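As structure tokens, the structure follows; a few thoughts come after it.
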Amino acid sequence: MYKHKIHFLIGTPRSGTTYLYNVLKSNNKINLLPKENHFFLSLQNNTMYNSKLDPPKLKKNSPIKYYLNLLDINKVNFDINTLYFYDLKALKFIKKNFPYSKFFCILRDPVNRHFSHCLTQIKKYYMYNDIGEFNFPISDFYNLKKSILFKNFMLNLSNYKYNKKVLKNNKIKCDYYIYENLIRSKSNYQNFLKKIGINNFDKNLNYGKHSNKDYPIKLFATRIGKIKSKFFRKIYKNNVEQTIYNFKHNYPFKLMKKIFIKNQKNLENNYRKLVSLKIDE
């Protein structure tokens, strides 16, 4: 059992945690751990986090001393790890070993979250396609059948009611916030920061400054990639904007709303069934 005070911002993917991390990282009143290190993630084979391009900052299953070395006993420590919301075993371990820890969760409308994630993947396509991360044509993003069924684990991470019930039944106390409410006004976000124990922050809360809304177009994996990104940056940027434009105009928001509302118990199967019906009509 450790006496460190840790605030875990467990959120959900694509719920503004990157923005929050960038707001907090310049705050010298707190101790902010590497973002999305997933140190306690216990899911089998770590299957929910398999990116070779953005690996966790801490080695999973390393001795606890690696984690403790990053903590400051004299400050409140903040650890932003979205996937913990879905990992009861990890939360139980944290609660047992860090009894002074607190959990804060940000939830976002599933359809908006799925749509946001798809846009991020489009931007990454132009960053990483030099190393074979995306082995499909860019047109697949705005092909209705292919883009919605694009390998996207977001589809399985939206049964909020179920996950909240699991946490409650296991006596994991967590404060919940709605992403859409937080971003509507600066005052809402400032009040949220105060509730999670942050009183010293940039009052401007500049979204453009703190978010990763615009990914840099840089194919950094190879020397040739770096040269290409330097000389063809404008072309890549235009391609990204055109692909996003096409995707936005093909994304079926109404259909997706029905999918997520109709059946919360088996989102993915219901999702595939409705999409199939829609396309076959």
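Model, not experiment: these values are computed from the prediction.
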### side-chain contact (heavy atoms from CB on, under 4.5 Å) assessment of K102 paired with I196
CA-CA 9 Å; K102 293 183 178 180; I196 65 174; over 6 Å; no

### Summary
Shortest non-hydrogen pair, F103 vs L91, comes out as CE2-CD2, 3.5 Å

### Stepwise side chain to side chain donor-acceptor pair (under 3.5 Å) check, T17 with S15
CA-CA 6 Å; T17 51; S15 61; 4.8 Å; no

### Task
Starting at CD1 of I64, measure out to CG of L71 and round the result to the nearest 0.5 Å.
8.0 Å

### Task
Give the intermediate values and the outcome of side-chain contact (heavy atoms from CB on, under 4.5 Å) for residues E36 and T82.
CA-CA 7 Å; E36 302 290 358; T82 54; 3.2 Å; yes

### Message
Could you check whether any side-chain heavy atom of P13 comes within less than 4.5 Å of a side-chain heavy atom of H117, counting everything from C-beta outward?
### Response
no

### Task
May I ask you to test the K194-N199 pair for a side-chain heavy-atom distance under 4.5 Å?
yes

## Note on the structure
All heavy atoms of N37 vs all of L33, minimum pair found to be ND2-CB, 4.2 Å

### Message
I want to know whether Y179 and Y177 have ring centres closer than 6.0 Å.
### Response
no

## Note on the structure
Rounded to the nearest 0.5 angstrom, the CG-CD1 distance for D87 and I10 is 10.0 Å

## Note on the structure
In terms of heavy-atom contacts, Y125 and P137 come closest through OH-C, 3.8 Å

#### Entry: Same apolar cluster: Y160 and Y162, side chain cutoff 4.5 Å
yes

### Task
Could you tell me whether F104 and H7 have their ring centroids closer than 6.0 angstrom?
yes

### Task
Answer yes if the ring centres of F39 and Y66 are under 6.0 angstrom apart, and no otherwise.
no

### Message
T120 vs R14, test: side-chain contact (heavy atoms from CB on, under 4.5 Å). Steps then yes/no.
### Response
CA-CA 9 Å; T120 299; R14 307 305 305 166; 2.9 Å; yes

### Query
Does the side chain to side chain donor-acceptor pair (under 3.5 Å) test come out yes or no for S101 and K95, once each step is laid out?
CA-CA 7 Å; S101 62; K95 180 183 176 182; over 6 Å; no

### Message
Let me confirm one number: the CG-CZ distance from L20 to F78, rounded to the nearest 0.5 Å.
### Response
8.5 Å

### Residue pair H4 / D72: nearest heavy atoms and the distance that separates them
CD2-C, 4.3 Å

### Task
Let me see the working for S185 and N188 under side chain to side chain donor-acceptor pair (under 3.5 Å), right down to the final yes or no.
CA-CA 5 Å; S185 72; N188 285 353; 3.2 Å; yes

### Message
For P34 versus Y21, what's the shortest heavy-atom pair and its separation?
### Response
CA-OH, 4.1 Å

### Query
Can N31 and N77 be said to form a side chain to side chain donor-acceptor pair (under 3.5 Å), step by step?
CA-CA 5 Å; N31 181 42; N77 301 273; 2.5 Å; yes

### Stepwise side-chain contact (heavy atoms from CB on, under 4.5 Å) check, L9 with L24
CA-CA 12 Å; L9 299 160; L24 300 183; 4.3 Å; yes

### Message
What's the separation between atom OH in Y84 and atom CG in L167, rounded to the nearest 0.5 Å?
### Response
14.0 Å

### Query
Any chance the side chains of H114 and Y251 put a donor and an acceptor closer than 3.5 Å?
yes

### Message
Rounded at 0.5 Å granularity, tell me how far CG in L182 sits from CD in Q190.
### Response
12.0 Å

### Message
Counting C-beta onward and ignoring hydrogens, is there a side-chain heavy-atom pair between K29 and V76 closer than 4.5 Å?
### Response
no

### Message
Can you tell me how far apart NE2 (H38) and CG (L83) are? Round to the nearest 0.5 Å.
### Response
4.5 Å

### Task
Report yes if the side chains of N97 and M1 come closer than 4.5 Å at any heavy-atom pair, otherwise no.
no

### Message
Within the supplied structure, the quantity of interest is the number of heavy atoms (other residues, nucleotides, ligands) at a distance under 6.0 Å from K75 NZ; does it exceed 12?
### Response
yes

### Cluster check I94, Y100: I/L/V/M/F/W/Y, side chain < 4.5 angstrom
no

### Message
Taking the ring centre of each residue, are F253 and F115 less than 6.0 Å apart?
### Response
yes

#### Entry: Side-chain donor-acceptor contact under 3.5 Å, K92 with N170
yes

### Query
Between F93 and F40, what is the ring plane arrangement, given parallel below 30°, perpendicular above 60°, and tilted in between?
tilted

### Task
Measure from NZ or CZ of K164 to the centre of the six-membered ring of Y176 and say whether it is under 6.0 Å with the direction within 45° of the ring axis.
yes

#### Entry: Sub-6.0 Å ring centroid separation between F85 and F8
no

### Message
Could you check whether N246 and Q242, counting side-chain N and O atoms only, form a donor-acceptor pair closer than 3.5 Å?
### Response
yes

#### Entry: ILVMFWY cluster, I73 and F98 together (side-chain gap under 4.5 Å)
no

### Message
Same cluster or not: I6 versus L68, using hydrophobic residues (I, L, V, M, F, W, Y) connected whenever any side-chain heavy atoms lie under 4.5 Å apart?
### Response
yes

### Message
Looking at every heavy atom in both R108 and T12, which two are closest together, and how far apart are they?
### Response
N-OG1, 4.0 Å

